[in-house]
Structure formats: C-alpha cells, structure tokens
Amino acid sequence: MTSREEAEIQISELDLLSSMFPYEEEFIVTDQVALAELKHYVENESAEMPSSKVQFMLNVKPEVSNASMVEFSMACALPFKYPTVLPEITVRSSLLSRSQQIHLNSDLKTYLMQNCSGEPCMLSAREWVKDHAAAYIDKELSSSSVTTSTAVQSEDITFTRLWIYSHHIYNKQKRKNIIDWAKELSLSGFCMPGKPGVVCVEGLQSSCEEFWSRVRKLTWKRILIRHREDVSLEGGGHADIQKQRKFSTLEEKCFDAHGARGNHMDLGQLYRFLEEKGCANIFQMYFGVEGH
C-alpha cells in the first residue's frame, strides 16, 4: 500500500467518524492543521508528506447499568503508515487508577494486534472500549452502591499538565496573555517563546482546559497539545495539588536566543531545564530526538 493510499484511507475513516458522531462531545479533531495537511497531500500529487499525525478524541459512554456517569476518552493519533501499522490510542477515565488504565490500554492494543492489523480499526477500537472498559473500574462502581461511588468521585479532583507546541511565539501580547491567564487560573509551568514555542501549564484540570480554550482562540500559524498528563486526586486538597506540581509558578524561559531574528532557543539548555524538573522524556515528544 502506498503512502497516498494510506492517507486516503485515513481521510475516509475520519469522514465516517465525523458523520457517525457529529457532536464535539463525541468526536473532535484536536489538530485541524494536521488534518488540512493530510487532505492537501491526498488531493495534490506533488504535495509533500504531512508534517504531523492527525490527532483526535473519541468519548465513549459504555452501557453499564446504574453508571450513566461513567465516561471514557480515547486520545487517538494516526501514524503516517496507518492502517498498515496500528493507531496510537490511549484510553482514560477519571474513574480508573493508573494500574487499571495501563491494563486496559495494554489489552486494547493486544486486541487490535490480533484482529485489526492492516485494516481501518477505529470503530472496532471504540466498540471494544464501549463493551469492555467498564470492567476495569473498581468492582464497587458496577454494584448497587454506584450512586454513592459517583457522589464520592464528584468530590475528587484531577490534576492536569498540558504540554503545548506552537510553530512560533513572538507576539508580546500573546506572551503577556499566557502569563496573565496562568496567574489568574492558578497555573504553574513555563513559556518558551521563539520558534518553536513551548508552553507547559499545570494545575486543576478545569483551569488547564479554560487556559487552553482561551489560548487556542488566538491567531496561530499552528498550535496543538503535544502531550497531556492527568492525575486523579482523592479529596484533592491544596496540599495534594501542590505535591503534583513540577513548577512553582509560570514564567517565561529564554535559553540563549540566537538566529537572524534572535528567535531560536538553545534546545540543549531546554533539555537540561526539563531534566532538572523531572520532565526529560517530554523533549523527544516535542522534537523527535533524544535530548543531551
């Protein structure tokens, strides 16, 4: 199968998902630029391969009696060679512990490897999650005490860390907005302006999502969430939230700017900064290479 044929299959499958799940709370493409590049590649023989994978979210509510509040989100990315290779899928739910989430995602991958290799499989993956995911939640959630369990769960808080990538961040007003909004929403992290631009924010999930909602509405050449971390905190007191933070506040970080416009940062210094904060693995997610 040629790369263009693979791209055509990806577009067809995304169109199908869009028609089957027309509401954003069910299906949303989180990187519209990547989707536009993929369509351009399919429609123009001379076009270059897209620069990034299409990423999207599928939200699934399994049919579990007395558990209407249970919902799973599927964070999906289609590698350039999909469907020759499997899609990248991470299933999450605030009701899953870390070990349960790892177990669920491992079993989903095994299912796809055994049943869907070389074929479009997003609908099959969604059906598998719908049918099986609820079984990975603690048993008390599927019992008659589910009402009590969900009431307790509603008091739990999710700590979130967003790693945002932008083609560039130059504009002084945007940079001011990033810092001011983070302060307003009690978020910590950092912003590295220049080309590329890197923003990390961490704090309450609702605050991170409000921050992202504001930032993405600004005018960008390209901006996307490169990686997301969610940690469910039982009780979620101030001390629990502070323990999760890797940064004390949100500040702008410049690492020996160079280049004709002084807009390229020293990525080696960025890597060492991330390493100091215990986030060295993020570097490869951004730049596709190991830091040093």
**Asked** Quick one: do the W181 and E210 side chains pair a donor with an acceptor below 3.5 Å?
**Response** no
**Prompt:** How long is the span from the CD atom in Q205 to the SG atom in C208, to the nearest 0.5 Å?
**Reply:** 8.0 Å
**Asked** How far does CD1 of I89 sit from CG of L112, to the nearest 0.5 angstrom?
**Response** 5.5 Å
**D31 (side chain) donor-acceptor with V54 (main chain) under 3.5 angstrom** = no
**Prompt:** Are the side chains of Q32 and L35 in touch, meaning some heavy atoms are under 4.5 Å apart?
**Reply:** yes
**Prompt:** Okay, side chain of T30, backbone of Q55: is any donor-acceptor separation there less than 3.5 Å?
**Reply:** yes
**Request:** State, with a plain yes or no, whether a side-chain heavy atom of E229 is found less than 4.5 Å away from one of I282.
**Result:** yes
**Message:** Below 30° counts as parallel, above 60° as perpendicular, anything between as tilted: where do the rings of Y136 and W128 land?
**Reply:** tilted
**Asked** With sequence neighbours left out, which residue pairs that include part of residues 37-46 fulfil the side chain to side chain donor-acceptor pair (under 3.5 Å) condition?
**Response** S3-Y41, E37-S51, H40-N44
**Message:** Walk me through whether W163 and L274 qualify under side chain to side chain contact (heavy atoms under 4.5 Å, CB included).
**Reply:** CA-CA 12 Å; W163 295 92; L274 292 173; 3.8 Å; yes
**Message:** Listing request: all salt bridge (Lys or Arg N to Asp or Glu O under 4.0 Å) pairs with a residue in residues 76-99, at least two apart in sequence or in separate chains.
**Reply:** E6-K81, K53-E88
**Request:** Quick one: which residue pairs count as a salt bridge (Lys or Arg N to Asp or Glu O under 4.0 Å) with a foot in residues 169-191, not counting sequence neighbours?
**Result:** R175-E252, K176-D180, E184-R214
**Request:** Identify whether M74 and L86 are in the same connected component of the hydrophobic contact network (ILVMFWY, side-chain heavy atoms under 4.5 Å).
**Result:** yes
**Fill in**
Separation between CG (L204) and CD1 (I241), nearest 0.5 Å, reads 4.5 Å
**Request:** Among V198, I223, I164, V199, find the one that has a side chain to side chain contact (heavy atoms under 4.5 Å, CB included) with I169.
**Result:** V199
**Message:** Checking N281 now: which residues fulfil side chain to side chain contact (heavy atoms under 4.5 Å, CB included) with it, not counting sequence neighbours?
**Reply:** M285
**Donor + acceptor pair across side chains of N177, Q173 (<3.5 Å)** = yes
**Request:** Any chance you could lay out the side chain to side chain contact (heavy atoms under 4.5 Å, CB included) test for W212 and V201, step after step, and finish with the verdict?
**Result:** CA-CA 9 Å; W212 173 239; V201 290; over 6 Å; no
**Fill in**
One should read off an interatomic distance between F273 CZ and K277 NZ, to the nearest 0.5 angstrom, of 5.0 Å
**Item:** With sequence neighbours excluded, residues passing ring pair (Phe, Tyr, Trp, His ring centres under 6.0 Å) with F27
**Value:** F56
For residues 13-25, tabulate all N or O donor-acceptor pairs below 3.5 Å that involve a side-chain atom, not counting sequence neighbours.
residue: E13; atom: OE1; partner: Y82; partner atom: OH; Å: 2.5
residue: E13; atom: OE2; partner: Y82; partner atom: OH; Å: 3.3
residue: E13; atom: OE2; partner: C121; partner atom: N; Å: 3.4
residue: E13; atom: OE2; partner: M122; partner atom: N; Å: 2.9
residue: S19; atom: OG; partner: D15; partner atom: O; Å: 3.4
residue: S19; atom: OG; partner: L16; partner atom: O; Å: 2.8

**Message:** Please report the interatomic distance CZ(R216) to CD1(I225), rounded to the nearest 0.5 Å.
**Reply:** 7.5 Å
**Message:** Applying salt bridge (charged side-chain N to carboxylate O under 4.0 Å, His left out), can you list everything that pairs with E209, at least two apart in sequence or on another chain?
**Reply:** R228
**side chain to side chain contact (heavy atoms under 4.5 Å, CB included) partners of K246, counting only residues at least two apart** = R161, E202, C279
**Complete:** By ring pair (Phe, Tyr, Trp, His ring centres under 6.0 Å), H167 pairs with (sequence neighbours left out) none
**Asked** Is there a donor-acceptor contact under 3.5 Å linking the side chains of D230 and T160?
**Response** yes
**Fill in**
One should read off an interatomic distance between L38 CG and F80 CZ, to the nearest 0.5 angstrom, of 9.0 Å
**Message:** According to side chain to side chain contact (heavy atoms under 4.5 Å, CB included), who are the partners of V42, at least two apart in sequence or on a separate chain?
**Reply:** A7, E8, I11
**Asked** Does F211 have any ring pair (Phe, Tyr, Trp, His ring centres under 6.0 Å) partners at least two apart in sequence or in another chain, and if so, which?
**Response** none
**Prompt:** Do K130 and F72 have side-chain heavy atoms sitting under 4.5 Å apart?
**Reply:** no
**Asked** To which residues is M57 joined in a hydrophobic cluster, defined by side-chain heavy-atom contacts under 4.5 Å among Ile, Leu, Val, Met, Phe, Trp and Tyr, whether direct or through other members?
**Response** I28
**Ring geometry between F247 and F190 (parallel below 30°, tilted from 30 to 60°, perpendicular above 60°)** = tilted
**Asked** When hydrophobic residues are tied together by side-chain contacts of less than 4.5 Å, even through go-betweens, does M192 share a cluster with L250?
**Response** no
